[in-house]
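Lettering of chains follows the sequences in order, A, B, ..., and the numbering in each one begins at 1.
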There are 2 protein chains.
Amino acid sequence: MENGDVDRTLTLMWRRALGVPKGSRGPKQRFSVDEVIRAGIAVADEEGLPAFSMRKVADRLGLKLMSIYTYVPSRDELIGLMVDEVMGEPGLPPHEGGWRERLTVVARQMWDEFHRHPWLLQVEQSRPWIGPNGSDRYEWQLAAIEGAGFTDLEMDQTITLIGDFTWASARADVAAQRAAEQSGISDAEWWAVNAPVLDRLMPPGAYPISGRVGTAAGEEYNAVRDSERSFRFGLDRILDGLALMLSSRN
Amino acid sequence: MENGDVDRTLTLMWRRALGVPKGSRGPKQRFSVDEVIRAGIAVADEEGLPAFSMRKVADRLGLKLMSIYTYVPSRDELIGLMVDEVMGEPGLPPHEGGWRERLTVVARQMWDEFHRHPWLLQVEQSRPWIGPNGSDRYEWQLAAIEGAGFTDLEMDQTITLIGDFTWASARADVAAQRAAEQSGISDAEWWAVNAPVLDRLMPPGAYPISGRVGTAAGEEYNAVRDSERSFRFGLDRILDGLALMLSSRN
DNA sequence: TCCTAACTCCGTATGCCTCACGGTATTTGG
DNA sequence: CCAAATACCGTGAGGCATACGGAGTTAGGA
């Protein structure tokens with residue numbers, strides 16, 4: 001990753017703020033960078049990130065494979081641009097109510113986004129690109145708890161906490177959904193295949209608590225896992241914990 | 001994924017509980033499944049999961065590529081076996097102290113494990129394999145909070161919460177480390193390259209809170225991010241929230 | 001007016017990857 | 001002692017990112 005590459009990709013990220021791309025010599029491009037990014041998002045939405053390939057993006061636009069590289073330096077950079085693009089989709093509604101309510105909105109926005117674009121959970125950025133939509137969102141997230149009594153450091157830690165937790169919950173939920181869809185096997189069918197094998201393999205009586213808890217969860221959820229409910233449970237505990245910290249301070 | 005495949009892989013998972021593999025006719029295998037799994041773990045430890053390939057596992061053992069497939073049905077199954085294998089490494093120390101202390105141990109065990117084997121964070125299992133070490137650990141994790149006053153359902157939700165949060169925190173930490181190592185660029189150098197470009201691109205004054213909070217965090221951490229500290233902050237909030245739930249019940 | 005630099009698009013090639021298939025050598029149960 | 005079962009491996013199909021160079025196109029400057 002060279003210095004010039006950083007420059008090139010960041011310039012691409014912030015292209016809206018930069019206006020016209022200055023007159024250049026050769027033929028005009030048939031598409032815009034935005035169209036390439038949107039095509040990429042469409043491919044990733046439909047097939048997930050492992051199946052996301054430059055060829056499929058090209059096919060979708062009617063270009064040949066290598067032409068994509070005149071729009072975007074590499075696969076990783078395109079994915080970075082896609083990430084910042086979808087972060088701009090939901091908009092940033094004005095904050096209302098108390099910090100608790102606001103943090104719930106912050107978390108819910110991420111939760112929804114991960115479900116709208118599940119491939120976001122598969123992105124591995126070694127060093128995150130700093131794009132306009134991501135920056136705007138971080139500012140908005142911090143504004144949600146501005147003045148609530150957190151120190152500056154705690155504000156960052158709190159947003160990190162909410163974000164990390166939401167990430168992990170959504171990941172579990174999406175993984176479960178994906179498993180059911182793409183294998184064409186429901187949770188119940190999966191257990192029907194696995195249970196007899198496990199009955200044979202597991203030492204009897206080795207898992208008393210797991211058995212009891214698993215049964216309780218299964219009955220309550222009507223499924224192996226109810227991620228939506230686990231998400232609310234966790235979020236409520238976290239908000240309680242934050243409230244306790246703030247109240248112990250006065 | 002056929003029925004027989006499930007059987008075959010689960011039989012591999014629980015091979016220790018199954019004893020001798022019954023006499024068979026052809027030539028003996030030069031290695032054991034355990035050796036293949038350990039070779040796989042070594043490759044993944046050294047190079048990460050994206051660079052993990054069947055060829056490298058074979059090379060490490062002095063086998064040719066296709067021979068690996070006589071030990072293990074596919075790449076995905078091998079990774080599943082590797083995951084269960086590393087879950088057996090740390091052992092399950094007897095529980096001591098109160099539930100709070102115990103949950104801290106549970107979280108810390110996962111945190112350490114993710115740092116010992118960072119590729120665990122890159123594993124994508126559509127449907128998790130149920131292996132002996134994973135099952136033992138889940139039982140042990142539940143035992144940590146048995147009798148603390150949680151309902152059965154809450155016990156599952158609590159372990160899920162701790163696990164999800166730890167996963168996400170470790171992921172952020174490991175990603176940051178990896179970025180620094182593999183690019184050979186420190187956080188400071190990265191900012192030195194990015195800052196001037198961003199200064200040029202970002203609308204001035206657009207990010208007042210981010211700027212203030214970022215500066216505070218940077219000074220306090222002496223880095224862009226101190227994940228270890230964010231982890232402790234989040235864990236403390238979560239434990240506080242759980243305590244509040246339990247105490248409000250009496 | 002017209003030349004040429006710069007640019008787009010793309011064909012080809014390299015070097016990875018997983019895994020199906022079939023061949024050959026080896027071992028052991030009958 | 002033979003035949004079935006198995007290990008190991010060569011080959012090849014089909015996928016991937018991307019480096020490189022060539023052909024055609026456009027606009028700025030002489």
Between [X] ([atom1]) and [N] ([atom2]), how many Å, whole number?
X      : N       : atom1 : atom2 : answer
Y69(B) : dC21(C) : OH    : P     : 14 Å
K64(B) : dT11(D) : NZ    : C1'   : 13 Å
I68(B) : dT18(C) : CD1   : C1'   : 13 Å
I79(A) : dA17(D) : CD1   : C1'   : 11 Å
D76(A) : dC16(D) : CG    : P     : 16 Å
M66(B) : dA20(C) : CE    : C1'   : 7 Å
L65(B) : dG12(D) : CG    : P     : 15 Å

### Query
Within less than 4.0 Å of OP1 or OP2 of dC9(C), is there a side-chain N or O belonging to Y71(A)?
yes
### Query
Any side-chain N or O of S67(A) under 4.0 Å from OP1/OP2 of dC10(C)?
yes
#### Entry: W129(B) versus G80(B), closest heavy-atom pair with distance
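The answer is CD1-CA, 3.9 Å.
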Nearest of [options] to any side-chain atom of [X]?
X      : options                  : answer
S74(B) : dC19(C), dC9(C), dC8(D)  : dC19(C)
R25(B) : dA4(D), dA5(C), dC16(D)  : dA4(D)
T70(A) : dC9(D), dG11(C), dC9(C)  : dC9(C)
R55(B) : dC9(D), dC17(C), dC10(C) : dC17(C)

### Query
So D34(A) and R15(A), salt bridge (Lys or Arg N to Asp or Glu O under 4.0 Å) or not? Walk me through it.
CA-CA 10 Å; D34(A) 292 78; R15(A) 64 199 179 283; 3.1 Å; yes
Which part of the nucleic acid, if any, lies within reach of [X] when heavy atoms closer than 4.0 Å are counted: base, sugar-phosphate only, or nothing?
X      : value
S53(B) : sugar-phosphate
M54(B) : sugar-phosphate
L63(A) : sugar-phosphate

### Task
Evaluate the salt bridge (Lys or Arg N to Asp or Glu O under 4.0 Å) criterion for residues E89(B) and R137(B): first the C-alpha distance (whole Å), next the side-chain angles of each, then the deciding distance (0.1 Å), finally the verdict.
CA-CA 11 Å; E89(B) 280 174 2; R137(B) 174 180 295 190; over 6 Å; no
### Message
Heavy atoms within less than 4.0 Å of DNA chain D: which residues of residues 27-34 of chain A have one? Give them sorted by number.
### Response
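Going residue by residue through residues 27-34 of chain A, the ones with a heavy atom under 4.0 Å of DNA chain D turn out to be P27(A), K28(A).
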### Query
Would W167(A) and F114(A) count as a close aromatic pair, with their ring centres under 6.0 Å?
yes
### Task
Decide if the gap between the ring center of Y207(B) and the ring center of Y138(A) is smaller than 6.0 angstrom.
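Between Y207(B) and Y138(A), the centre distance exceeds or equals 6.0 Å.
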#### Entry: G26(B) or R75(B), whichever maps to the more 5' nucleotide of DNA chain C
R75(B)
### Query
Do E228(A) and W111(A) pass the side chain to side chain contact (heavy atoms under 4.5 Å, CB included) test, and can you show the C-alpha distance, the side-chain angles, and the key distance before you say yes or no?
CA-CA 10 Å; E228(A) 165 77 25; W111(A) 174 267; 3.5 Å; yes
### Query
Just checking, is any N or O donor in the side chain of S230(B) or Q157(A) under 3.5 Å from an acceptor N or O on the other one?
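Not at all, the side chains of S230(B) and Q157(A) share no donor-acceptor pair under 3.5 Å.
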